[in-house]
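Read through the structure below, which is laid out as structure tokens, and then see the notes.
Here is the naming used below: chain letters follow the sequence lines, and residue numbers restart at 1 for every chain.
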Number of protein chains: 2
Amino acid sequence: MTDGLDRVDRQILRILQREGRIPNVELAERVGLSPTATGERLRRLQKDGVITGFGARLDPQRLGLSLLVFVEVSLDKTTPDAFARFAAAVRRAPEVLECHMVGGGFDYLVKARVADMPAYRRFLGEGLLALPGVNNTRTYAVMEEVKSDGVLPL
Amino acid sequence: MTDGLDRVDRQILRILQREGRIPNVELAERVGLSPTATGERLRRLQKDGVITGFGARLDPQRLGLSLLVFVEVSLDKTTPDAFARFAAAVRRAPEVLECHMVGGGFDYLVKARVADMPAYRRFLGEGLLALPGVNNTRTYAVMEEVKSDGVLPL
DNA sequence: CGGTTTTGCCGCCGATTCTGCGGCCGACCC
DNA sequence: GGGTCGGCCGCAGAATCGGCGGCAAAACCG
């Protein structure tokens, strides 16, 4: 059940990762199946949760979000529910694109986009550091995005 | 030209980020415009580069990629073209979802997905450490993905 | 301030795409 | 051999797409 994907399924996923809005008929002729069979596979892949959704890729620059930063966050270990409260607050913060709990020298790795350095200072001061339990942060500003697509290998 | 987006444009982008495959007619009635006008805006947003593409979101677990890791990479500063060669190699590596050049204690931050720890060891040894100019790496394994969508604020 | 251009929207309509249905074929199992 | 089942196909009605002409309000200009 976890991996009942044949060659055609994988090809469909590979195409849809990059061209999510391709019409079903064109997808069908690319994988060499009829539109009906292809649509059926697509529906099944969504129902089974392999495909969790579709989305538009936007250019952050054109939206005034020129600065990409990664922040390593350390929490006080004293309060046990601090983790849950931090996680909840982070999910509400629109600047935060991703947040991962990691094992190692710190607790959370946050990926965020803001307009510029002043905006980041504001986000750091009023957003992150204001959260209870936040002990220490270390910021890395991205100078160049070498690879950004995030396409999964198949 | 960089920011000629009105309220309706932003609403379109907000919807399409989460539901990229929504039919144009439904998008139209959600933003309160006719399908023709909505389609025209969509076409313009793509032509202007605000929308760079559409893609399917896949569940990494169901594809056998259960381990998400972040790797901080330091390069030898001796060879000046080492940066370009590292960047080129990283773009070819399928496990690497993202790679950013950062300012701070190290040079590159790499986000990668692999099947499990043995697969990561292989990727680290044969993929990253084999690259010329790589001086030092530090790995952080993700224990929990608190927020992963990467949706931009509008 | 009046006229003109521009811009953005709508309704319409032919072409394309989608989707549910019935039928076909090969694999598999008694 | 006979039955069952999963996967694919073709078809047809319904929905959607995309280009065209018209219209009204805003912007522009003399």
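- Between the CD atom of A/Glu40 and the C1' atom of D/dG10 there is a distance of 15 Å, rounded to whole Å.
- What separates CD1 of A/Ile22 from C1' of C/dT17 is a distance of 13 Å, to the nearest Å.
- Rounded to whole Å, atom C1' of D/dC9 lies 10 Å from atom CG of A/Leu33.
- Taking 4.0 Å as the cut-off between side-chain N and carboxylate O, A/Arg44 and A/Asp9 count as a salt-bridged pair.
- Side-chain atoms of A/Pro23 lie closest to C/dT17 of the nucleotides D/dC17, C/dC10, C/dT17.
- Nucleotide C/dT17 holds its C1' atom 14 Å from the CG atom of B/Asn24, rounded to whole Å.
- Distance, A/Leu42 CG to D/dG7 C1': 16 Å, rounded to whole Å.
- A salt bridge is defined here as a Lys NZ or Arg NE, NH1 or NH2 lying under 4.0 Å from an Asp or Glu carboxylate O, and B/Arg121 with B/Asp116 fails to meet this definition.
- Summarising the geometry, the separation between CG on A/Leu27 and C1' on C/dC18 is reported as 13 Å, rounded to the nearest angstrom.
- In this structure, B/Arg41 atom CZ and C/dC10 atom C1' are separated by 13 Å, rounded to whole Å.
- Between A/Glu72 and A/Lys111 no salt bridge is recorded (no basic side-chain N to carboxylate O distance below 4.0 Å).
- Counting only heavy atoms from C-beta on, A/Val25 has its side chain closest to C/dC18 among C/dC18, D/dC9, D/dC17.
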| message | Working note: B/Arg14 + B/Glu19, criterion salt bridge (charged side-chain N to carboxylate O under 4.0 Å, His left out); need CA distance, chi angles, decisive distance, verdict. | response | CA-CA 9 Å; B/Arg14 221 175 303 132; B/Glu19 300 164 67; over 6 Å; no
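- Out of C/dT17, D/dC17, C/dC9, the shortest distance to the side chain of B/Ala37 is found at C/dC9.
- Nearer the 5' end of DNA chain D, as judged by each residue's closest nucleotide, is the contact made by A/Thr38, out of A/Thr38 and A/Arg21.
- Contact annotation: side chain of A/Thr36 to base of D/dG10, donor-acceptor pair present below 3.5 Å.
- Linking ILVMFWY side-chain heavy atoms closer than 4.5 Å, directly or via other members, places B/Leu13 and B/Leu33 in a single hydrophobic cluster.
- Nucleic acid contact for B/Arg43: none, since no nucleic acid atom lies under 4.0 Å from a heavy atom of the residue.
- Whole-Å rounding puts the B/Glu26 CD to D/dA14 P distance at 21 Å.
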